[in-house]
2 protein chains.
Amino acid sequence: MQNLSKNQQIIFDLIDKSPEPLKAYTILYNVQKKGIKAPLQVYRALDKLVEIGKIHKIESRNAFIACHNSSCQVAKATAFSICEICEKVTEISSDSLSKYLANFKDKDGMKYIKYNLEFFGLCKKCKVK
Amino acid sequence: MQNLSKNQQIIFDLIDKSPEPLKAYTILYNVQKKGIKAPLQVYRALDKLVEIGKIHKIESRNAFIACHNSSCQVAKATAFSICEICEKVTEISSDSLSKYLANFKDKDGMKYIKYNLEFFGLCKKCKVK
DNA sequence: TTACATCTTGTTATATTATAACAATCTAAA
DNA sequence: TTTAGATTGTTATAATATAACAAGATGTAA
Ligand SMILES: [Zn+2]
Ligand SMILES: [Zn+2]
Ligand SMILES: [Zn+2]
Ligand SMILES: [Zn+2]
């Protein structure tokens, strides 16, 4: 597990301490005081962080969240729940789910080690309102 | 099941006969001869078609594919396989999978009737190469 | 230590994807 | 026939992401 470069570390720290997924240009705005001035600098760091599994992209939201499966061996097999009201996103770590999906075979018998699953619904808070 | 409007029909027909997911601006380019000239006309039709379940958005690709689960009751519960080489996308219709996901409960016991799952791997053709 | 490859950064410009705002027109039901 | 809702047309702009090129940093292996 290599160390992060300067920009990667700055951007990871920001995402990691955020309670919600961050969008690329929100990140850019928040790191400009640290010398990161251009979109590409942000996207390059994001690409790398996704690649090594430190963060995940929430595809349906174009936003990025730190991995909280501390030992997310399977950076490429991700599952999230997304609240459609408050937009709270939670990474799901369920052995049962990940085993089921890792073993899933399609009609042709194909298996897929990589997947992304996004569940949508209402979080506890929004449900009671 | 209401009928489609003119623009919706034009755009659905294009997507439906396409062997691959289409992007919004590809669609725009292909329907300009039919009088649809602006991005917003395309996006409005796409929004509606997604809403009524005639097409699905492949979130990781920003592309749209016609629903081929002819009786896709659950327009909001979708699963696809995506080839990482040739980008072939196939909608998965598996009772087992949809039941499993529809019944999945997270740590808080929450169930989610809506989800999107994207599997990544190599299709048969690309695998043998 | 040097030479080499690789990764990382900086910078400007541009491409791609998507929505805002406003006005007109069509459609179907009361 | 009126009226509410859906659909269309149009221009402008916002939001997301990459291309292309140059320079600097880093780590290996001779
Ligand atoms: Zn993770
Ligand atoms: Zn919520
Ligand atoms: Zn479908
Ligand atoms: Zn393929």
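Each chain gets a letter, A, B and so on, in the order its sequence line appears, and its residues count up from 1.
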[N] [atom2] sits how many Å from [X] [atom1], rounded?
{"X": "A/I36", "N": "C/dT11", "atom1": "CD1", "atom2": "P", "answer": "12 Å"}
{"X": "A/L46", "N": "C/dT8", "atom1": "CG", "atom2": "P", "answer": "14 Å"}
{"X": "A/L40", "N": "D/dT16", "atom1": "CG", "atom2": "P", "answer": "16 Å"}
{"X": "B/L28", "N": "C/dT16", "atom1": "CG", "atom2": "P", "answer": "13 Å"}
{"X": "B/L22", "N": "C/dT16", "atom1": "CG", "atom2": "P", "answer": "16 Å"}
{"X": "B/E59", "N": "C/dT17", "atom1": "CD", "atom2": "P", "answer": "13 Å"}

Through what angle, rounded to 10 degrees, does the axis of the helix from C/dT1-D/dA30 to C/dA30-D/dT1 turn between its ends, using five pairs per end?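 The end axes of the helix from C/dT1-D/dA30 to C/dA30-D/dT1 are about 40° apart, to the nearest 10°.
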Shortest non-hydrogen separation from [X] to [Y] and the atoms involved:
{"X": "B/S93", "Y": "B/N69", "result": "CB-OD1, 3.0 Å"}
{"X": "B/E91", "Y": "B/H68", "result": "OE1-N, 3.1 Å"}
{"X": "B/F120", "Y": "A/N116", "result": "CE1-N, 4.1 Å"}
{"X": "B/F64", "Y": "B/L46", "result": "CE1-CD1, 3.6 Å"}

| query | Quick one: is B/S5 getting a side-chain N or O under 4.0 Å of the D/dT8 phosphate, OP1 or OP2? | reply |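 For D/dT8, OP1 or OP2 has a side-chain N or O of B/S5 closer than 4.0 Å.
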(message) Less than 4.0 angstrom between a side-chain N/O of A/K23 and OP1 or OP2 of D/dT16, yes or no?
(response)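 Yes, because at least one side-chain N or O of A/K23 sits under 4.0 Å from OP1 or OP2 of D/dT16.
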Notebook entry, point to check: Is B/L101 reachable from A/Y112 through a run of hydrophobic residues whose side-chain heavy atoms are each under 4.5 Å from the next?
Noted result: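 Yes: a chain of side-chain contacts under 4.5 Å links A/Y112 to B/L101.
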Requested in this report: Measure from the side-chain heavy atoms of A/N7 and tell me the nearest of C/dT9, D/dT7, D/dG9.
Outcome: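 The closest nucleotide is C/dT9.
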Notebook entry, point to check: Less than 3.5 Å between a donor and an acceptor, one on the side chain of B/Y25 and one on the base of C/dA15, is that the case here?
Noted result: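 It does not, because no donor-acceptor pair links the side chain of B/Y25 to the base of C/dA15 below 3.5 Å.
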